[in-house]
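All values below come from the heavy atoms of this structure, side chains included, with hydrogens, waters and symmetry mates left out. This is a predicted model, so every value here is computed, not measured. By convention in this document, chain letters (A, B, ...) are assigned in the order of the sequence lines, proteins followed by strands, and residues within each chain are numbered from 1.
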Protein chains: 2
Amino acid sequence: MSGTERVPKYERLRRRLTDHIDRLPADSPLPTERELTTRYGVSRATVRQALDALEAAGLVYRVQGAGTFVAEQTVSKTLSLTSFSEDMRRKGLVPDSRVLVADETPADEHSGGRLRLSPGTPLIRLVRVRLADSAPMCLETTYLVAERVPGLLDLELTGSIYQVLAERYGVNLVRADQAVRSVAAGEEQAALLGLAPRAPALRMERVAYDERGSAVESTVSLYRADRYEIRFTIHREAT
Amino acid sequence: MSGTERVPKYERLRRRLTDHIDRLPADSPLPTERELTTRYGVSRATVRQALDALEAAGLVYRVQGAGTFVAEQTVSKTLSLTSFSEDMRRKGLVPDSRVLVADETPADEHSGGRLRLSPGTPLIRLVRVRLADSAPMCLETTYLVAERVPGLLDLELTGSIYQVLAERYGVNLVRADQAVRSVAAGEEQAALLGLAPRAPALRMERVAYDERGSAVESTVSLYRADRYEIRFTIHREAT
DNA sequence: GAGTGGTCTAGACCACCAC
DNA sequence: TGGTGGTCTAGACCACTCA
């Protein structure tokens, strides 16, 4: 890693504007696109590319014929694809894991079906109790396509798997389909999570894909309802 | 409504390409940007604007130096801001409502806090049992800023409120912050939903905003866990 | 009517991939 | 090395808002 990082102009402009916006009250007008053009010495297309990103992030809103304005602050951000570790750190908690199972197993209809694999395809299976600040937060069963992550079981598995996938295997998970349900924890599950039997839990099912749309990871997470909630921002579709 | 609708070129191109893509297998290469330029008689910037939308929707992926390709089909779409009625119709169910409460009430810390209003501000309150195919699906308490929807209580409230807001009041909800939890239904709630007491339920809290980022609606929904789950696609953030 | 954001063009150079 | 997508420019016209 050398110190040179290629950062496009529109990205640099976006960051400068983000810092600027954070210090402005809601509904403050931003400079006009043409003024930003001269102020930062870039073309209007570049300015618009930066503003497009800010608008998509919900930081500003634009009114044709009037201008661009600071939006009221959103409580949360768009829900993004993160690993458990990243998620917890973002919340200010210290993540950890207790590995219950780590082995290789052929795909059956359950695990392979979600990954759209034929039965028998080798999968890495991880069953972990995920801890936050040393207390159980969630019970997680993960399947990974073994072919994509050779030797994974020989590694430390306490940190962020997504980071390992990216750095060691060049596998970048960019998209995931999720399904969220409310369930009553089973006896065994409740015991592992430190809950009373039949206590409510949040069940999250996820299939994550790489850039090309190939399924790589399938995870079922069971979160303690008293410790976890999902927060996110959604938008109205145009179509 | 006259028949003339202004549709930008990039939008027309996006639709044409969407239709085209639907008939291609995954990983098929699309024509190059420069070829689309000549084929459709538009500039490359316009082509890229159309492709940007397709990429954001997860229909294609781009590899620098190689080309643009059809992505594998995603099961579900990005979670978008919809009303209960729209949500149910999309699932092929018939929505209906049983209104329990419909009145005007001053904001207190609970209701006003989420909407970021000062206590005392008039609010419209709706408590409804929402039905899908004539069976209880969810128990919903909605607060609307009364000033934005004068006379709402005189209207039929069985249909889509979002449609009423847009068509009658020009209020377009474009963004919402949501929080999802798993809870055990209380006795009264369980009775209204046709559940056993302490049965698991999905609790969804939502605050919806208009284009300018002003909070307009605050809703708490309690869904029957055995009938409802949330499905959505999420993406990895660049930053 | 002056000024704003929305759309569109024609052209250029760069980084990257595959042959 | 040739072609691809990624970035950027300078300029134009349109639709819309607001005084």
The answer to which of A:Val63 and A:Val42 contacts DNA chain D further toward the 5' end, by nearest nucleotide, is A:Val42
Side chain to side chain, B:Tyr40 and B:Val47, heavy atoms closer than 4.5 Å
no
DNA chain C nearest-nucleotide lookup for A:Thr68 and A:Ala45: closer to the 5′ end is A:Thr68
Walk me through it: do A:Lys91 and A:Asp87 pass the test salt bridge (Lys or Arg N to Asp or Glu O under 4.0 Å)?
CA-CA 7 Å; A:Lys91 290 179 159 73; A:Asp87 192 20; 3.1 Å; yes
Kindly indicate whether the side chain of B:Thr68, heavy atoms from C-beta on, has any atom under 4.5 Å from the side chain of B:Leu54.
no
Side chain to side chain contact (heavy atoms under 4.5 Å, CB included) between A:Met88 and A:Tyr228: does it pass, once the steps are laid out?
CA-CA 10 Å; A:Met88 290 304 119; A:Tyr228 193 75; 3.8 Å; yes
With side chains defined as the heavy atoms from C-beta onward, is the minimum distance between A:Arg62 and A:Arg48 less than 4.5 Å?
yes
How is A:Ala66 classified with respect to the nucleic acid when contacts are heavy atoms under 4.0 Å: base, sugar-phosphate, or nothing?
sugar-phosphate
Contacting residues from residues 31-41 of chain B, given that a heavy atom lies under 4.0 angstrom of DNA chain D
B:Thr32, B:Glu33, B:Arg34
What do the steps show when you test B:Phe232 against A:Val180 for side chain to side chain contact (heavy atoms under 4.5 Å, CB included), and what is the final call?
CA-CA 9 Å; B:Phe232 52 96; A:Val180 177; 3.9 Å; yes
Nucleotide C:dT4, atom P - distance to CG of A:Leu30 in whole Å:
13 Å
Using atom CZ of B:Phe69 as one end and atom C1' of C:dC16 as the other, report the distance to the nearest whole Å.
13 Å
Any side-chain heavy-atom pair of B:Tyr169 and B:Leu152 under 4.5 Å
yes
Has A:Arg44 got a side-chain atom pairing as donor or acceptor with A:Glu33's backbone, closer than 3.5 angstrom?
no
Taking the nucleotide of DNA chain C with the closest heavy atom to each, which residue, B:Ser43 or A:Arg48, is nearer the 5' end?
A:Arg48
With a 3.5 angstrom cut-off on both distances, give the Watson-Crick or G-U wobble partner of C:dG3, or none if there isn't one.
D:dC16
Its 5'-most and 3'-most nucleotides having an atom under 4.0 Å from a non-hydrogen atom of chain A, DNA chain D is contacted over D:dT7 to D:dT17
